[in-house]
Number of protein chains: 2
Amino acid sequence: MARATGPSRSQPTTLSDVARLAGVSVATASKALNGRSQVRAETRQRVIEAAERLSFRPNQVARGLLAGRTGTVGLLTSDLEGRFSIPILMGAEDAFGAGEVAVFLCDARGDVIREQHHVRALLGRRVDGLIVVGSRTDPRPSLGRELPVPVVYAYAPSEDPEDLSIVPDSVGAGRIAVDHLLACGRTRIAHITGDPGYAAARDRAEGARAALADAGLALVGEPRFGAWSEGWGRAATAMLLDRHPDVDAVLCGSDQIARGVMDVLRERGHRVPEDVAVMGFDNWQVLTSASRPPLTSVDMNLEQVGRAAAHALFTAIGGAPRSGTENLPCRVVIRGSTAPLS
Amino acid sequence: MARATGPSRSQPTTLSDVARLAGVSVATASKALNGRSQVRAETRQRVIEAAERLSFRPNQVARGLLAGRTGTVGLLTSDLEGRFSIPILMGAEDAFGAGEVAVFLCDARGDVIREQHHVRALLGRRVDGLIVVGSRTDPRPSLGRELPVPVVYAYAPSEDPEDLSIVPDSVGAGRIAVDHLLACGRTRIAHITGDPGYAAARDRAEGARAALADAGLALVGEPRFGAWSEGWGRAATAMLLDRHPDVDAVLCGSDQIARGVMDVLRERGHRVPEDVAVMGFDNWQVLTSASRPPLTSVDMNLEQVGRAAAHALFTAIGGAPRSGTENLPCRVVIRGSTAPLS
DNA sequence: AGCGTCTCAGAAAACCTTTTCGGCCCGTTT
DNA sequence: AAACGGGCCGAAAAGGTTTTCTGAGACGCT
C-alpha cells in the first residue's frame, strides 16, 4: 500500500543516531546517558547534547527484552463498570505511575475463560506482576501458585491463603460505624443491609453486633438482610417502624439503602438526625452529598487498598513476597445525618 | 540477595527450549508454530507437541522489538473517577481485547504536565497509538501533530480539526429527547440543566430548542442553567412551578437534576408522569432505576464511543487516518417517568 | 627504558523472535 | 548422465539497548 498521507510517522531516533551525531560508539553513548562512570565528562556532555537535539527516548521494549524485566504490570479487573474497581484501580495506577511502571488494564467481565485468556496474554507480554481486583469482598479462586510472576489480590481475597490479598476490613467497618452511633448517644440501633450472599453484608453486620456487645447492647431486632437497593431500604424501614417505632438510629448496609431509609423516615415524620440517625456504607459521593441531610457514611479507603496492593506487588517483584490476607482500616465520614442526641 | 523463598519464578521457556526438545533449529520451530509453509507436517507436529509440553508462550516483547509494532496502545484519561471515562474505557478495552492488542492505562488527573509525562512514557514503550479520553465534551488542546503514532480523541474533541475526534452527538441528544416528549403529547416543556460553562449543557439546550422549533413550539421560559446537582434541580423546579404551573414536561440536563426535580414535583402534588413528564440525560443506572417512578433518560452510548475510537485508531495504525469530529447518535431509554398524555 | 596502573572508548555478546537466504537431498526431466 | 526443480531445514541477520571485556593511550615509578 502507498504511504498514507497523514503526519510524518518518522522512525523514532535510536541510540545509534545519537552515537553517530556525538561521534562515539553506541556503548559509550549508552554509558554516558545512564550515568555510568567509564566516560569522560566532556564526552558525556557531547552525548547528552546529541540526545537532546534528536529528542532521543530509549526504547523500553529493547531494554525490557535485555533486562528480563519490562517495568509493566497487569491489572485484571472483574467488572470495570462496578464502582468498587475504579478507586482501587486509581490507587494502583497512582502508586505505579509515580515510578517507572506502566499498567496493562484488562477487564475479564467476570468470566473465567476470559480471565485465563488475559492472564496468558499478559504473561506473553512478560509483565513483572499481576494485580487481581475483584468486584465483591467474597473470596475468589486463586490464579494458582505456578505463575512465573508475583500476584496480589485486591478487594476480593484469594481462596488460597498462600496468596497475598489486600482487602478493606469489613468487620472493622461495622464496628467503627456502631462506635460512631454510640458516641452520638444512640442506643436503639437497627441494621438494614443488603444481600446476605455477600460477605460484605455479613461481615459488617458481625462487626456491628460485636461493637454493640462490647457496650452491653444489642441490635433492635435482627439485622434485616435484603437487596442493595433504595427500594429495599424503603420497604425494610416501613416494617422496622411498625415493629420498633422507638428506634433512634439506623445503620444501613449501603448508601443506596440509606437513601431509601431516609425517604421513608421523612415521609413518616421522623426527623433525621434529631429523632433517628442514619448511616450508610461506601461513601458514594453522588448519593451521600445529594441526600437530605447529607449522609454520614463509612469509606472503605479503596484508593488506599489499590496503593497498598501496588506497593506489595512492587516489593514482591523485588523478591520479598508476603502472603495471607491483610485488612486495611476503613473510616467514618461524618455528615449531617448523624449528630449527638440533644 | 539470596533467592526468595516464594514460588518457583522459573524463567519462561523460550523458542530455543522448544527447538531443542523437538530436535530442530529455532528457525524451523518458529516456522512450525506460525504456520509457515516450509515445514514438513511431521516436523511441525513434533514442534507443536514440544511447545505444548513446555507450555511455551512466545515473548511478545521480542516480537515487538523485531516487528516495530508492539500491539499495544495507550489510553490516556483525564479523570478516572469520573463516570464518563469508564464506559468509554470499557468500550475501547472491549474492542481491543477481542484482538491481540493490550491497553496501557494512564490517568493524567487533568494535569497537563502529568499528561505530557505519560505521553512520553508511552512513546518510550513504543505504543502503536493513543486514545485520549476527556471528562467533558468541551474541546481540549491537541497533543500536537508531530507525534510518531496516530491519536484518537474520545468524548472530548481536540481543538485541532486535523485530529480525529469521536464524540456523542449532544445536539442530537437534545433533539431526540424533545422528540420523545412531543411524541408523548407534551407541549409545555421546560428545560432545567447544569453549568452553562459545559458544552454539553449548551448543546443539549440548543438541540431541544431546535426540535421544538421544528414542531412550531418553544420552551416554557428560558433554559434554566445552574449546577449539575439535585439541589439545583429542586430549587429550579420550585421557581418554575411558581411562574409556570401549567408545565407538562421537564427536560433535565442530567439524571441528578431530574431526581431533584421529581422530588419537588411530588412534594407539590404533581404526579409523574400523569401531570408532568420528566426526562434526564446520561442514563446513570443507580439514579434512573432507583427513582420513583424510574427515570426516562438519554443514553450517550459511551461504550460505543469507546469502541468506535478503538476501531478508528486501529484503521489509522493500518495507515488510513481520518480527521475531523465524528458525532455518534444517542438513544432514549424509556422508563416510567414519561408516558403519553391520557 | 621498561613496567605497572589508571582512565576512557569501543567491540561484541546477550536478550528472543522472525525472516531471508543458502544448501542439501531426492526425484524428475532433457 | 547431467541438469533442474522442489521440498525441507538451518545459519544468520535484524531489531535497540546494556554490560562485559579488551585495548589503547597516558602517566608515574623504578
Side-chain angles (χ1 to χ4, degrees), chain A residues 10-48 50-51 54-72 100 121 123-128 148-149, chain B residues 10-48 50-51 54-72 100 121-128 148:
Chain A
S10 55
Q11 300 302 325
T13 66
T14 75
L15 192 57
S16 311
D17 301 329
V18 175
R20 196 172 323 115
L21 180 60
V24 298
S25 71
V26 287
T28 304
S30 171
K31 284 181 283 196
L33 294 177
N34 291 308
R36 289 277 165 285
S37 59
Q38 311 276 53
V39 184
R40 197 165 29 160
E42 190 258 349
T43 308
R44 183 188 308 277
Q45 194 54 36
R46 230 173 46 239
V47 173
I48 289 176
L54 299 177
S55 63
F56 168 73
R57 303 247 74 199
N59 184 332
Q60 297 297 133
V61 178
R63 193 181 276 189
L65 178 60
L66 187 59
R69 293 192 341 141
T70 54
T72 60
E100 287 305 288
L123 292 178
R125 296 194 183 278
R126 297 299 186 268
V127 294
D128 296 332
V149 296
Chain B
S10 55
Q11 300 302 324
T13 67
T14 76
L15 193 57
S16 312
D17 301 329
V18 175
R20 196 172 324 116
L21 180 59
V24 298
S25 72
V26 286
T28 304
S30 171
K31 283 180 284 198
L33 294 177
N34 291 308
R36 288 279 165 284
S37 60
Q38 311 277 53
V39 184
R40 195 167 30 161
E42 191 259 348
T43 309
R44 183 188 307 279
Q45 195 53 39
R46 228 172 49 237
V47 172
I48 289 177
L54 301 176
S55 62
F56 168 72
R57 303 248 73 201
N59 185 332
Q60 296 297 134
V61 178
R63 193 180 278 189
L65 178 59
L66 188 58
R69 293 192 343 147
T70 53
T72 60
E100 288 304 288
L122 288 169
L123 292 178
R125 296 194 183 278
R126 296 301 186 268
V127 293
D128 296 331

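Protein chains get the first letters and strands the later ones, always in sequence-line order, with residue 1 at the start of each.
- Of all the heavy atoms in A/E100 and B/R125, the pair that sits closest is O-NH2, 3.0 Å.
- Interface residues of residues 18-27 of chain A facing DNA chain C, ordered by number: A/V24, A/S25, A/A27; criterion, heavy-atom separation under 4.0 Å.
- Atom OG1 of B/T43 sits about 10.5 Å away from atom CD of B/Q45, to the nearest 0.5 Å.
- Between chain A and DNA chain C, the heavy-atom contact criterion of under 4.0 Å yields a 5' to 3' nucleotide range of C/dC8 to C/dC16.
- Counting only residues at least two apart or in different chains, salt bridge (Lys or Arg N to Asp or Glu O under 4.0 Å) contacts with residues 12-22 of chain B comprise B/D17-B/R20.
- Protein chain B contacts DNA chain D over a range whose 5' and 3' limits, counting nucleotides with an atom under 4.0 angstrom from a non-hydrogen atom, are D/dC8 to D/dG16.
- Taking A/A22 as the reference, A/V24, A/V47, A/A50 meet the side-chain contact (heavy atoms from CB on, under 4.5 Å) condition, with sequence neighbours excluded.
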Report all side-chain donor-acceptor pairs from residues 25-34 of chain B shorter than 3.5 Å, counting only partners two or more places apart or in another chain.
unit_1	atom_1	unit_2	atom_2	d
B/S25	OG	B/A27	N	3.4
B/S25	OG	B/T28	N	3.3
B/S25	OG	B/T28	OG1	3.2
B/S30	OG	B/N34	ND2	3.3
B/N34	ND2	B/S30	O	2.9

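- Taking the salt bridge (charged side-chain N to carboxylate O under 4.0 Å, His left out) definition, one finds that B/D128 meets it with nothing, sequence neighbours left out.
- Formation of a donor-acceptor pair under 3.5 Å by the A/R126 side chain with backbone atoms of A/T72 is not found in this model.
- When the C1' atoms of four end pairs are superposed on the next four at each end of the helix from C/dA1-D/dT30 to C/dT30-D/dA1, using five pairs per end, the two resulting axes differ in direction by 80°, to 10°.
- Residues B/A62 and B/K31 each lie close to DNA chain C; by heavy-atom proximity, the contact nearer the 5' end of the strand is made by B/A62.
- At a non-hydrogen distance threshold of 4.0 Å, nothing from residues 39-48 of chain A comes into contact with DNA chain D.
- For B/E42, the salt bridge (charged side-chain N to carboxylate O under 4.0 Å, His left out) test picks out B/R46, with sequence neighbours left out.
- Residue A/T14 is classed as a sugar-phosphate contact, given heavy-atom separations below 4.0 Å to backbone atoms only.
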Please tabulate, one pair per line, all N/O donor-acceptor pairs under 3.5 Å involving side-chain atoms of residues 54-68 of chain A, not counting sequence neighbours.
unit_1	atom_1	unit_2	atom_2	d
A/N59	OD1	A/V61	N	2.7
A/N59	OD1	A/A62	N	3.2

